[in-house]
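Below: one structure, written as structure tokens.
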Amino acid sequence: MSDITSNELADLKTESHTVRDGTSITYAHLKNEGAPKITLVHSLAMDHKFWIPVIKELRNSAEIIAVDCRGHGASEKAAGPYSLELFASDVADVLEQTGWEKSLVAGASLGGAVALQFAVKFPNRTSALGLIDTTSCYGPTAPDDWAKRANAARTKGLQSMTDFQESRWFSDKFRKDNPDIVQFCIDTFVANDLDSYSATCHMLGGFDLRSNLNELTMPTAVIVGEEDYATPLEMAQVLHEGISGSTLEVIQGGRHLTPLEHPTLIADRLITLARKA
């Protein structure tokens, strides 16, 4: 799994911090004093290693913090219910612990929703915003849709969902050409704590930040895969149209996890955005 392991990044240190409600949050920190600061938040059921291909591209040009959301990765499996405000506060507490007054905050899918909530809650701490394969709301049927997903995980197990997830995560060609990265995602997915996964699903079913988009004034890039069926172009357009001055980019042939499918492109867009901030 040579393309996605922190062992190849000896300078990427994993640390933990106890946030305001007593939960331990794990994060990886790539130090690069004086460089633009970038905070990264992963997709649902992944962890900070999701960002390793992008971090490799940015290692000489940015200082990076990549967080394991509560209930994910090595962070504490705190009891639910969860909320985006809680996840955003976790990120804020980690950044405060690290001494970062502000940074570009970027996320993919779940992480994009967390980044969006962070920007709404802490605009003065958000120098720029990267919204990748994400949304401000999953729509009117979202509570029921996400409840069904949580129930499927409990009744059938996470392993039963992997074929469906694979086809949503990656294009057919990418899956064929990169079995190691696909397997990494499967292994990370099935290792999730069921209670935490369920609480996160219910959180995603219930949030709606559409009315907050016009509050955001920081430089913002909205990026979406052309074939993203989970958070399709229509959702990205709502973000782009709602956030004044934002850019919208559609990645040809990309699906839902473009930071893994197109890490060089994503890294380029993030460092370009960070330098504008």
Side-chain angles (χ1 to χ4, degrees), residues 1 4-6 12 14-29 39-52 65-94 97 107-115 117-118 133-134 138 142-166 168-169 181-207 230-231 256-257 259-260:
M1 213 172 294
I4 189 162
T5 171
S6 57
L12 183 69
T14 301
E15 306 173 40
S16 62
H17 175 60
T18 300
V19 298
R20 64 191 71 184
D21 72 346
T23 300
S24 177
I25 299 296
T26 296
Y27 61 97
H29 187 187
T39 303
L40 300 172
V41 191
H42 58 78
S43 176
L44 173 65
M46 297 290 111
D47 60 20
H48 75 270
K49 297 184 186 72
F50 171 89
W51 290 104
I52 294 296
I65 287 176
V67 177
D68 284 359
C69 293
R70 66 170 57 211
H72 292 71
S75 287
E76 188 175 342
K77 308 305 182 285
Y82 292 164
S83 69
L84 278 185
E85 292 90 343
L86 187 59
F87 277 43
S89 292
D90 290 342
V91 174
D93 286 356
V94 166
Q97 161 71 15
S109 191
L110 158 69
V114 175
Q117 179 68 72
F118 184 95
D133 308 315
T134 194
Y138 279 98
D144 186 54
D145 294 341
W146 282 99
K148 287 178 180 176
R149 188 177 299 192
N151 186 60
R154 288 191 179 280
T155 57
K156 300 177 183 178
L158 288 165
Q159 184 67 53
S160 70
M161 304 168 69
T162 57
D163 287 346
F164 166 75
Q165 293 290 357
E166 277 185 53
R168 286 163 71 88
W169 285 336
I181 294 180
V182 175
Q183 191 60 49
F184 160 80
C185 289
I186 291 172
D187 292 345
T188 305
F189 182 80
V190 301
N192 269 263
D193 175 75
L194 276 175
D195 288 340
S196 299
Y197 179 82
S198 177
T200 309
C201 285
H202 286 290
M203 175 185 81
L204 291 173
F207 87 95
T231 51
H256 189 51
L257 300 187
L260 288 172

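Remember, it's a predicted structure, so these values are computed and weren't measured experimentally.
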Could you grab the distance from atom [atom1] of [X] to atom [atom2] of [Y], nearest 0.5 Å is fine?
X      : Y      : atom1 : atom2 : answer
Asp133 : Trp169 : CG    : CH2   : 14.0 Å
Asp163 : Glu166 : CG    : CD    : 6.0 Å
Leu44  : Asn192 : CG    : CG    : 7.0 Å
Gln97  : His17  : CD    : NE2   : 4.5 Å
Cys185 : Phe50  : SG    : CZ    : 7.0 Å

Would you say the side chain of [Y] lies within less than 4.5 Å of the side chain of [X], judging by non-hydrogen atoms?
X      : Y      : answer
Tyr82  : Ser196 : yes
Val41  : Cys69  : yes
Val67  : His72  : no
Gln117 : Glu85  : yes
Val91  : Thr39  : yes
Tyr197 : Arg149 : yes
Tyr138 : Thr231 : yes
Val182 : Ile186 : yes

**Message:** Testing the basics here: between Ile25 and Ser75, what is the closest heavy-atom pair and its distance to 0.1 Å?
**Reply:**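 Looks like CA-OG, 3.4 Å.
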**CA sep, side-chain torsions, deciding dist, call: Thr200, Leu110, side chain to side chain contact (heavy atoms under 4.5 Å, CB included)** = CA-CA 9 Å; Thr200 309; Leu110 158 69; 4.1 Å; yes
**Asked** Looking only at side chains, do Ser109 and His256 share a donor and an acceptor under 3.5 Å apart?
**Response**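 His256 and Ser109 do have a side-chain donor-acceptor pair below 3.5 Å.
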Regarding [X] and [Y], does a basic nitrogen lie under 4.0 Å from an acidic carboxylate oxygen?
X      : Y      : result
Arg70  : Asp21  : yes
Lys49  : Asp68  : no
Asp144 : Lys148 : yes

**Request:** Sort out for me which residue in Glu15, His29, His48 forms a side chain to side chain contact (heavy atoms under 4.5 Å, CB included) with Ile65.
**Result:**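 With Ile65 as partner, side chain to side chain contact (heavy atoms under 4.5 Å, CB included) holds for just one option, His29.
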